[in-house]
Each structure stands twice: as C-alpha cells, then as structure tokens.
Amino acid sequence: MRQRLTPSGGLVGEAPFDIQLTRRLYRAMVFARTYDRKGMALQKQGRLATYAPFEGQEAAQIGAAAALEPNDWVVATYRDAALMWAQGYPWELLFAGRTGDERGGSPPEHVPVMPPSITVGGHMVHAVGLAWAEKLQGTDRIALTSFGDGATSEGDFHEAMNFAAVYEVGCIFLCQNNGWAISLPRERQTKSATIAEKAIAYGMPGIQVDGNDLFAVYEAVKEAADRARSGGGPTLIEAVTYRRGPHTTSDDPNRYRDPAEVEEWARRDPIERVRIYLSEHGAWDDEWQAAIEAEAQAEIDRAIELAESMPPLGPGEILDAMFETLPPHLEAQRRELVEGLR
Amino acid sequence: MPETMTYAAALRAAMRLLLSQDERVFLAGEDIGVYGGAFGVTDGLVAEFGEERVRDTPISEEAIVGLAVGAAITGMRPIVEMQFSDFVANAMDPLVNQAAKLHFMYGGNVTVPMIVRAPGGGGTGAAAQHSQSLEAWFAHVPGLKVVLPATPQDVHDLLLAAYLDPNPVVFLEHKLLYKTEGPVELRSRAEDTPARIGEAKVLREGTDLTIAAYSIMTPRALEAADGLASAGIEAEVIDLRTVQPLDIDTVRASVKKTGRLLVTHEAPQPVGVGAEVVAGVCESDALDYLLAPVARVCGQPVPMPYARELERAVIPQVEDVEAAAKELVNA
C-alpha cells in the first residue's frame, strides 16, 4: 500500500506538491468536514432527507479531485459530496439535492459532474461511456468514477472495467474502500486480499493507496490521469479508508461493528496528519485554523441559506424534466394539474 | 387465537416457520443477517438459524437471484431478498430469462421453487431509484407469479402459499405496510395456510361500486369506503392479493352486483395492472352490467420525486379514491 504521509504526519519519500497547495487542500478538507457534519445535523433537524456521511474520507475525495483537470468528468455516488464539490459542484446544490429538490441534481453548465448515483454500481458503466465518447471525439478529457468496496461485487463493476480496458478508454476507477457496505465488512465482500489486485484480470494497472493520505491519493490519481490522457487506458485505484459514520442517517452501525474499530480509525484521521505536516513546516497555526474554520462555517451556512431560499417548485414542474420536450399527453396532464389546483 | 402483530413480524414469523419446518429453506440477501434487513424484516433470524441459512451476501443482486435459481433446481427452497425492489433491475436476467423459463425450456423436467421478496413503493422519501412499484414488469413475464399482500395475516399466509408453490414467485411488500398492525393467526405448518396464489378476497361488501385494489392501496381503499359510507355510498372492496395470476372472476362477479368499477394501484397507470383488470371485466358479460365508465386511480407516470409534498401528490391517496368513487357513482 502506497503511503506518502503517515498518520503522525511524517513524510515518506517526497511530497507531490508544495506547501501552498497543501494548505489549499487542507483548507478544502476542513470545508468538506464542515459540510458533512452540518449535513448530519440538518438531517436530525428534519431539514434534509436521508444523508450519507463521508467523514474520514476527505483525503480520498479532495486528493483525487486535485489531480484532475477542471473539465474532467466525475461520476460519483451519494457519499462523494467533497469530490463533487472539489470538481465544481456548488455546496448549495448538494444541500438542495438532499432536501428533496430535484434542482440539486442539476449542476451549473460548466461543471462536468454527474448528479450522485443512488443505486450501487450502475454509474460506473456510463462513466466508461463518457470516457469512450471523449476518446472517439479526440478530446483529452478523461472520466473518474468513484464507488465503494461494496460496488465491486456488482456485475456493473466487471462490465465497466472490462469495457474500459478492452477499448483503452481514459477512465479512472476510484474505489474508496471504506471497510463497510452497510453491515457487511470488506473481508466478507470479496475474497481478494486487495481490491486493487482485481485490476490484473482486466489487464489494467491496479494501485492500492492509503486513502487517508492526501499525498498518496493525489499521486496515484495523477499517475492514472496522465496515463489516461495520453491514451494509456484505465486504472483501478483502491483508496483504503474508513466510513466513520453510519451508512446513512437511517442506519445504526452499533448493531454490527465494534466502536473500538471506529476509535482506531479516528487515530488515522486524514486531516490531522496534514495539519501536523503543515505545522512542522511552519505553515499552520491556531490562528489560521480558527480563520479557515470560520470561513468554512460561513460558506456552509450561506449554502444552506441559498438552498433553503430557493423558490419551491410548482406542481406542474414535476413533469417538466421527464422528457426533453413534453409529449402532448403529458402536456395535457400538466395543464389539467395546474388548472385543477388553481 | 389471533394476536395483534405488525406486517413485518407476521412475515418474519412465516419465514421462521419455514426455516424450522423445512431444512431446504434458506434466506439470502444484503444485510439480512445481524443487521436484520433494511426494514428489520429478518431481525433475529440469523441468531436462531445461523449464518448458513440466513446468509448475508455481497452487493450482487444478479448473483443473489441466480444463486436462488440454481439452488431451487436442486430442490432447495430459497427465499431471497432484494433490499429494495428497484434493485431487481440488476437481477432481471436470472429472474426473467432463467427462473421464469427453465421449467418450460426443460420440458417440465425442472422446477424452480423460489421466492424473491422485495420491498417496493413510495411514501418513505426514498426518491426515484428506491420507490418504484414494478409489479407490472413481472406480471408480464410468463412463468412468474406475482404476489402483493396487503395485511399482516395475508403476508403470513401468502408467504406460506408461495413456499408451497413449485414455481418462482415474486413477493412484493410495500414499505409502508411493514409497521401496520392487524390480527394474525400464526400457522403451525405451511400446509395450514388458507391463502391461495391467484385468489382475491372481498374485504368489504357493498352495492354501489366495486373497488379493486392491492398492496398499500387496499387499506387506503378500505378507508375511502368508510368515508363513502358516511356519504351514503356502499363500496365493495376487493383485495386482489396476487396480480399474476389475476382472479378476474371475483372482480367480474362483484361488478355484476354493483355496476361500477374503480381500480387503484400505486404503480403508474399506463400499461399497469389496472388496465388488465378493466380489460378482463370488459371481455366478459360483466360489461353489460356497467352503469358508468370504469375509473382508475393510479400513480402518476413520473419518476418518484424526492420532495415529500410532490411524492405525496403523485401517489394515490385515500381522498383520491374517495373523490373518484363519488364521481363514478354520481355520474
């Protein structure tokens, strides 16, 4: 397993980028955690529907996005808000989506991020389609698709990996192996010793990295992105991390896992190790920490306000997004509905 | 002596009975073991029967259903769970092209006695990919039987009936029914179940119109019938219970008595089970007894919205059934 930054902040080998970028990405991880904790809190207040927390997976997501170009596709899941945000998806739309507002699934035009997939694994297949189309069209855009350890058991994983390799498309498969698929632990999900080794059978490189290590994740994704962009085909990256929270707000992990395990992983926190590293390089102090925490809080509060102040959708709009052009029978239904409610 | 229990508990009791009665029975599905299933239906069964027979699986719907097909062919009696009925989309090949067809393709030499349980339906805020009512898909495939119990007693009895059936049965449970309560007489052997797949049940007698419902719409139809009664309208409520095979004779007999037909289901109206019920009535002499055009009160044909208000708006509610029934009677 590749590692560049140990849990205690020690550097292994060389840092993949400078202190300035490290500070920027540290700040991004602080923002992500602020969003995530706020998401859990808002759900408890009844202001969001079901919420799937990603606490503990910030380095895997922020590190991966940092290695992409701004117009690379990101096709991710319900647990990937930090990844999506880092590729341009606004916090307010991420919140709006979780309140049940379908407009949350509609990113600004220039943002190359698909709305989160709620079913497990299905999105990997169309990520390959995106990457394939970019290749056919001769662009240098690539696609990164993110999924969990559980998704590797779906048939979609096999078919997506196989197509991507056979057609040598520029698709990065980022598996955030967070140890648990709801109640099923990783070792009962697959008999493979690692998820990365599954790549061998498909004829693509597989890399296992410490998923809580910002540097290692960045480096692996950068290597995969460079290969993909230069026509070298897909890569499978297994980022070994941990789902510190429940599967979603509908879940109680105490029913199936030992709290000691959660404690142990808290000591391998992805943000703390970067803090120590920055601190040792004289690039972190309490004052800056307080400042970025305040900025994060303000930014997230602003996003919530924006999401909650979106004018409610009218009843007729429920039909508007079904087809590109509303067929006559639905047009008639829409008229009837709006008039009937007037 | 019946006892009051929830739909989920009555269903669990049926699985417990089958696991106790027949060692060929096993359960498999995602998070059905120590977690007890996404809706707690299998809660405690792994402790009673062990991990071999209450099997947590990787996230592999196709493999779960394929496993059941293979096991059923050897004579085992698999009862497998799709965590949400929507996920059966991943398992359509083993279900539709294998389970439903193997008996036919092997000239009757192979039977596939398996049950695929799947929670469906909306109203839980679970949005477009976790809220569908897909019974029409399965009902359209020759070789599958499709059961949608509405009450705790029926979910108990019909699971036992599904076990006794030597064919693949798709057993669809509405998520909002799991916590509903009712009197249940627990059977001590599967063979004691009085329920038969393909038999509807008249739950309320009436003279003014027939309401044919199933699954979550059955309790809603009964509630609507109470409201109608206070307006002087006596509705006869039929719980179809299974939609493949469909007990059209019970509906026809009722229509001959009442002269009016309203069909209701949560699944989208176009090409739904309701259309089949209406056609079945029109293809018989019951047509001559109709005093008014038939009515359907069904789900709106849109992906299930995440927003609570919109979700409620696209799912037929008690008041929708009541209003449509009044219109029908007063037409």
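Hydrogens, waters and symmetry mates are skipped; everything else that's a heavy atom, side chains included, is used.
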Q) By number, which residues in residues 27-35 of chain B have some heavy atom less than 4.5 Å away from chain A? A) B:Asp31, B:Val34, B:Tyr35
Q) Under 3.5 Å, is there a donor-acceptor pair between the B:Asn90 and B:Glu62 side chains? A) no
Q | Ring geometry between A:Phe157 and A:Phe173 (parallel below 30°, tilted from 30 to 60°, perpendicular above 60°) | A | perpendicular
Q) Quick one: what part of B:Gln129 sits under 4.5 Å from any heavy atom of chain A, side chain, backbone, both or neither? A) both
Q) Looking at residues at least two apart in the chain, or sitting in another chain, which of them share a salt bridge (charged side-chain N to carboxylate O under 4.0 Å, His left out) with A:Glu308? A) A:Arg47
Q | Side chain, backbone, both or neither of A:Asp156 within contact of chain B (heavy atoms, under 4.5 Å) | A | side chain
Q | salt bridge (Lys or Arg N to Asp or Glu O under 4.0 Å) evaluation trace for A:Arg257 with A:Asp252 | A | CA-CA 10 Å; A:Arg257 75 179 180 189; A:Asp252 172 13; over 6 Å; no
Q: Report the option among A:Glu154, A:Arg98, A:Arg255 that has the most heavy-atom pairs separated by less than 4.5 Å from atoms of chain B.
A: A:Glu154
(Q) Using a strict threshold of under 4.0 Å (side-chain N to carboxylate O), is an ion pair present between A:Asp320 and A:Arg334? (A) yes
Q.
Taking side chain as everything from C-beta outward and backbone as N, CA, C, O, which of these in B:Asp93 sits under 4.5 Å from a heavy atom of chain A? Side chain, backbone, both or neither.
A. neither
Q: Output the distance between atom CH2 (B:Trp137) and atom CG (B:Leu172), rounded to the nearest 0.5 Å.
A: 11.5 Å
Q: Please flag which part of A:Gln189 lies under 4.5 Å from any non-hydrogen atom of chain B: side chain, backbone, both or neither.
A: both
Q: Examine whether an atom of A:Glu317 lies under 4.5 Å from a heavy atom of chain B, and if so say whether it belongs to the side chain, the backbone or both; otherwise answer neither.
A: neither
Q | side chain to side chain contact (heavy atoms under 4.5 Å, CB included), paired with B:Leu228, selected from B:Val321, B:Val329, B:Ile211 | A | B:Ile211
Q) Does any heavy atom of chain A fall under 4.5 Å from the side chain of B:Asp56, the backbone, both, or neither of them? A) both
Q. Would you call A:Arg79-A:Asp36 a salt bridge at under 4.0 Å N-O?
A. no
Q. Where on A:Thr190 is there a heavy atom nearer than 4.5 Å to chain B: the side chain, the backbone, both, or neither?
A. neither
**Q.** Gap separating the NE2 atom of B:His140 from the CD atom of B:Glu276, nearest 0.5 angstrom
**A.** 9.5 Å
Q) Would you call B:Glu322-B:Lys326 a salt bridge at under 4.0 Å N-O? A) yes
